[in-house]
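First up is the structure itself, then whatever we jot down about it.
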Amino acid sequence: LGAGYTFDLQVGVHTGQCVGGIIGTYSLWFEIFGEGFDTAARIVDLAPRNHILVTEATMNAVQNSFICVASDLECDALHGGKTYLVLASD
């Protein structure tokens, strides 16, 4: 990007199961399916701009490497599960 241009990111991460595969006969593309992928897609939409939002499953997996704080953002896909903002790496 040149001078004067800025951009914002929304990052959401979920740890869970999904299935991926190549779909199609003539026009091939890669597709991912599953509750884990659906939850990740919802988390990224919920994430505040320029922050990393993770689910409780991901926070449990990375809590020894990153500093996470509880968020008040709720995601219907988590069925009451918590979300966390990643602040920094340890």
Side-chain angles (χ1 to χ4, degrees):
L1 295 175
Y5 289 94
T6 62
F7 64 94
D8 294 321
L9 297 174
Q10 285 178 270
V11 178
V13 182
H14 173 64
T15 302
Q17 295 182 349
C18 64
V19 175
I22 297 173
I23 306 296
T25 304
Y26 300 105
S27 177
L28 303 176
W29 66 92
F30 187 80
E31 188 69 48
I32 300 174
F33 305 92
E35 186 177 339
F37 177 76
D38 294 341
T39 301
R42 288 185 177 94
I43 291 296
V44 75
D45 287 341
L46 188 62
R49 294 198 186 282
N50 299 316
H51 289 82
I52 301 171
L53 186 68
V54 299
T55 62
E56 191 165 14
T58 300
M59 193 278 300
N60 289 333
V62 302
Q63 65 185 345
N64 294 328
S65 301
F66 294 91
I67 299 168
C68 302
V69 296
S71 165
D72 60 353
L73 299 171
E74 295 180 8
C75 178
D76 292 339
L78 296 176
H79 308 290
K82 297 179 182 178
T83 59
Y84 297 83
L85 291 169
V86 177
L87 299 183
S89 60
D90 274 345

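Excluded from the calculations below are hydrogen atoms, water molecules and symmetry mates; all remaining heavy atoms, backbone and side chain alike, are included.
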Consider only side-chain heavy atoms of I, L, V, M, F, W and Y, link residues closer than 4.5 Å, and tell whether Leu28 and Val19 are in one cluster.
no
Taking all heavy atoms of His14 and all of Ala57, pick out the closest pair and write down the distance.
CE1-CB, 4.3 Å
Output the distance between atom [atom1] ([X]) and atom [atom2] ([Y]), rounded to the nearest 0.5 Å.
X     : Y     : atom1 : atom2 : result
His51 : Leu87 : NE2   : CG    : 8.0 Å
Leu85 : Cys68 : CG    : SG    : 8.5 Å
Ile52 : Thr58 : CD1   : OG1   : 11.5 Å

Is the shortest heavy-atom distance from the side chain of [X] to the side chain of [Y] under 4.5 Å?
X     : Y     : value
Thr55 : Cys75 : no
Val11 : Val44 : no
Ile23 : Phe33 : yes
Leu73 : Leu53 : yes
Asn60 : Thr15 : no

Within 6.0 angstrom of Ile22 CD1, more than 12 heavy atoms from elsewhere:
no
Would you check if the side chain of Thr83 reaches a backbone N or O of Glu74 as a donor-acceptor pair within less than 3.5 Å?
no
